[in-house]
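Have a look at the structure below, then the notes.
Atoms within a ligand are numbered from 1 in the order they appear, just like the ligands themselves.
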Amino acid sequence: MNILVINCGSSSLKYQLIDMKNENVLAKGLVERIGIEGSQIKHETIGKEEVKIQEAMKDHKRALELVLNSLTDKNYGAIASLDEIQAVGHRVVHGGESFADSVVIDDQVMKAINDNVEVAPLHNPPNIMGIEACSELMKGVPQVAVFDTAFHQTMPEKNYIYALPYEYYQKYKIRRYGFHGTSHKFITEEAAKLLNKPVDQVNLITCHLGNGSSITSVVNGKSYDTTMGFTPLEGLVMGTRTGDLDPAIIPFIMDKENMNPNDMNTLLNKKSGVLGISGVSSDFRDLEDAASSEHRAQLALDIFEAKVRKYIGAYYGTMDHVDGIIFTAGVGENSISMRESIIAGLKNLGLKIDSERNNVRGKAQLISTDDSSCPIFVIPTNEELMIAKETLELTK
Ligand code: AMP
């Protein structure tokens, strides 16, 4: 059974075609600049050369049309016809309180995703465009929505209600939702396998550290608390996002700089984080390269590291026991020095990293010493595979 996984951004569309018999990726690609001049597809069928298709794409429907053409192309395609795609799995950012699990998409589900545009005005509209394009171009093929927020719907009320007047939760659904749920869930399942424990018996601290970053405390296999909040802006310092901030800073800057809410949103989401601190880059590799000569690049890394440590410490201290701490995503999987310095500052918890075991990139591996108070692992995340697995489960 082949499953097409689709992840739509406002001007982009990422896709993977996965053969679920052996969980092999058959083809993958990225469409960029949809609706903007210079749109293009980078398509790769595994085992064949990558191709670049440059063609005007006025909307997501046209982009998907070209993606489907690429997948079935005689020379660089992966399948002979679209009949070989049995289901489509869509990443949908915000399921609000409507979805605690993935669902097969029907009219009612579409209405609920549309209703959640209010809490995710930037993220849900492109996801909806992707679903609509598939419905038109792949009539009769079942489609599944997999939500970034769903895994975190198990958080207890005390961890998701903000200390605002309660009426704002009732009127506007302002609460912590949490994101990266597909990744935290995937990592939880993989960690349970490595620990040889049933998934509903594992207590973990899962650290998804990439361009966007979040940490989740997982109790009995379920999300108990997480660092991202009403939007993916809260919590850790990220590539370009502030993470936690004294909220009083926001009206202060708006007043001083004569900014409107839109400008402020851009500042908080796109111009801050390690980019804002360093003035060098939002990319951790660039920061590591610049750190020896640029004080602010080192400072950005130090602040990022301190925040990760603070949340690991907070979650560790509030859980009955911890079976494992997991590092994943771009930085978590690849930055040997970042993992080392995060854990070095947690000696008081009895956590110890083994330098030799930690000398690993992008591979599942134990990286703690045998006498560490709990095992620490690197586990590569795979959100596309998780989406495909959930889609298979609901449509087989
Ligand atoms: P992601 O959002 O998960 O794709 O992660 C992207 C981030 O991972 C970028 O900031 C990259 O610089 C970072 N990253 C990837 N490889 C490495 C590496 N070898 N060392 C440090 N950071 C890395």
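Within ligand 1, counting atoms from 1 as listed, the ones closer than 4.0 Å to a heavy atom of G210 are 1 (P), 2 (O), 3 (O), 5 (O). Taking every non-hydrogen atom of R361 and a distance limit under 4.0 Å, the qualifying atoms of ligand 1 come out as 19 (N).
The protein atom (non-hydrogen) at minimum distance from atom 2 (O) of ligand 1 is N211 N, 2.9 Å. The nearest protein atom to atom 13 (C) of ligand 1, hydrogens excluded, is given as V331 CG2, 3.8 Å; this is a heavy-atom distance. In terms of protein heavy-atom proximity, atom 21 (C) of ligand 1 is closest to S335 CB, 3.6 Å. For atom 18 (C) of ligand 1, the closest non-hydrogen atom on the protein side is N334 CB, 3.5 Å. Among protein heavy atoms, the minimum distance from atom 23 (C) of ligand 1 is reached at R285 CG, 3.8 Å. The closest protein non-hydrogen atom to atom 14 (N) of ligand 1 is G330 O, 3.7 Å.
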Chi angles and distances behind the side chain to side chain donor-acceptor pair (under 3.5 Å) call for S341, E305: CA-CA 7 Å; S341 35; E305 178 193 307; 3.2 Å; yes
Chi angles and distances behind the side chain to side chain donor-acceptor pair (under 3.5 Å) call for H152, T154: CA-CA 5 Å; H152 300 298; T154 50; over 6 Å; no
Criterion side chain to side chain donor-acceptor pair (under 3.5 Å) on D371 and T369, from CA distance to verdict: CA-CA 5 Å; D371 65 342; T369 58; 2.7 Å; yes
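When atom types are taken as modelled, the side chain of D354 and the backbone of S368 share no donor-acceptor pair closer than 3.5 angstrom. Using modelled atom types, one side-chain atom of H94 and one backbone atom of G96 make a donor-acceptor pair closer than 3.5 Å. No side-chain donor-acceptor contact under 3.5 Å links D148 to the backbone of G181.
The cationic group of R309 does not satisfy the cation-pi geometry with Y311, failing either the under 6.0 Å distance to the six-membered ring centre or the 45° limit from the ring axis. Taking the ring centre of Y160 as origin, the terminal cationic atom of R176 falls outside the region bounded by 6.0 Å and 45° from the ring axis. At least one test fails for K222 against the ring of Y224: distance under 6.0 Å to the centre or angle within 45° of the axis.
Neither the backbone nor the side chain of E333 comes within contact range of ligand 1; no heavy atom lies under 4.0 Å.
For ligand 1, none of its N or O atoms has an N or O atom of L209 under 3.5 Å away. At least one N or O atom of D283 sits closer than 3.5 Å to an N or O atom of ligand 1. In terms of N/O distances under 3.5 Å, ligand 1 is approached by F284.
Protein non-hydrogen atoms do not reach within 4.0 Å of atom 4 (O) of ligand 1.
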